[in-house]
Amino acid sequence: EYVPPPGVAPLRFSLSHGDGVALCVVALGCGVGADVESLRNLGPDPLGAVGEVLSREEKHGIAAQPADGSAAALLALWTIKEAIGKASGLGLAFPLAKVSVKWPLGPAPALEFDPALGEEASSWSLGVCRPTANHVAAVALHGPRVQDTRVAFEEHRLPSGTRVARSAFALRTGEVS
């Protein structure tokens, strides 16, 4: 972690990569987490592998998905949960099953926390995208003013021109017209 001079907000970053796609997120003054995963890497029982971190509501949401969309929805939940763990600073030690990602899943999903955690959903901002047909990427920001922030994804062509890189960044509301 970069240690800024006194009076300057800390710069935080999170990195993730999976199956040929990399994601880097940089934020100023808040916790940040990033995760990118590939549908190609799902095992034969993906729900069994991640079921421990899903809330009851999320498990019902997955069960209600059409067969051809359940793997992508499950992967989106996993990437969101992993990004939340990273942004919290606790990683997978964060009690992820006590966090519910609200349905329907979209580019900026909402959260609900178990009251026992003492966590406010308004201190979190999420972003989710599909950088390729086989990948899901998620970003989580955590801090006192993140409700005024949106997460945006942008592609960057690498010098060879054959691969696309994704980056994510946070924008305070009102900074962009």
Side-chain angles (χ1 to χ4, degrees), residues 13-25 27 31-114 117 119 121 124-142 146 149-158 162-170:
F13 69 93
S14 184
L15 304 170
S16 183
H17 65 89
D19 195 23
V21 172
L23 178 65
C24 175
V25 183
V32 63
D35 190 40
V36 62
E37 302 288 345
S38 173
L39 287 165
R40 292 183 192 131
N41 294 335
L42 287 177
D45 182 20
L47 187 56
V50 301
E52 292 179 18
V53 302
L54 299 180
S55 68
R56 183 173 41 250
E57 295 83 7
E58 292 164 336
K59 289 176 184 175
H60 288 129
I62 293 293
Q65 296 297 306
D68 62 347
S70 62
L74 180 63
L75 200 60
L77 286 173
W78 171 252
T79 59
I80 292 167
K81 296 280 186 130
E82 190 166 337
I84 289 168
K86 289 178 178 182
S88 75
L90 297 175
L92 296 178
F94 190 87
L96 295 170
K98 294 183 183 250
V99 179
S100 265
V101 180
K102 304 315 283 176
W103 293 90
L105 296 178
L111 294 174
E112 184 175 286
F113 290 88
D114 182 312
L117 291 178
E119 194 65 57
W124 290 87
S125 181
L126 303 175
V128 179
C129 80
R130 297 286 305 267
T132 74
N134 291 313
H135 290 85
V136 178
V139 172
L141 302 174
H142 181 240
V146 297
T149 305
R150 69 179 174 90
V151 175
F153 293 89
E154 112 185 348
E155 294 180 0
H156 297 280
R157 294 259 174 216
L158 298 177
T162 58
R163 296 284 216 164
V164 174
R166 283 270 181 174
S167 62
F169 53 94

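Worth saying up front: this structure is predicted, and the values here are computed from it rather than measured.
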Tell me the closest heavy-atom pair linking T79 and A137, and the distance in Å.
OG1-C, 4.4 Å
Set out, in order, the CA-CA distance, both residues' side-chain angles and the distance that settles side-chain contact (heavy atoms from CB on, under 4.5 Å) for V136 and W78, then state yes or no.
CA-CA 9 Å; V136 178; W78 171 252; over 6 Å; no
To the nearest 0.5 Å, atom CD1 of I62 lies from atom CG of L54 at 6.5 Å
Could you pull out all donor-acceptor pairs under 3.5 Å where a side-chain atom in residues 83-100 meets a protein atom, sequence neighbours excluded?
residue, atom, partner, partner atom, Å
K86, NZ, L15, O, 3.4
K86, NZ, A34, O, 2.7
S88, OG, G85, O, 2.7
S88, OG, L90, N, 3.0
S100, OG, S55, OG, 2.6
S100, OG, E57, OE1, 3.1

Calculate, to the nearest 0.5 Å, the distance between atoms CH2 and NE2 belonging to W103 and H60 respectively.
12.0 Å
Would you compute the distance between atom CG of L75 and atom CZ of R130 and round it to the nearest 0.5 angstrom?
7.5 Å
So, the side chain of H135 versus the backbone of G18: is there a donor-acceptor pair under 3.5 Å, distance only?
yes
Checking side-chain polar atoms at under 3.5 Å, does S38 have a donor or acceptor matched by the opposite partner on N134?
no
Where is the tightest heavy-atom contact between E82 and D35, given as atom of each residue plus distance?
OE1-OD2, 3.3 Å
Closest heavy-atom pair, V101 versus E58, reported as atoms and distance to 0.1 Å, is N-OE2, 2.7 Å
Quick one: list whatever passes salt bridge (Lys or Arg N to Asp or Glu O under 4.0 Å) with K102, sequence neighbours left out.
E112
Distance in Å, D114 CG paired with E119 CD, rounded so as to fall on 0.5 Å steps
11.5 Å
side-chain contact (heavy atoms from CB on, under 4.5 Å) evaluation trace for L105 with V128:
CA-CA 9 Å; L105 296 178; V128 179; over 6 Å; no
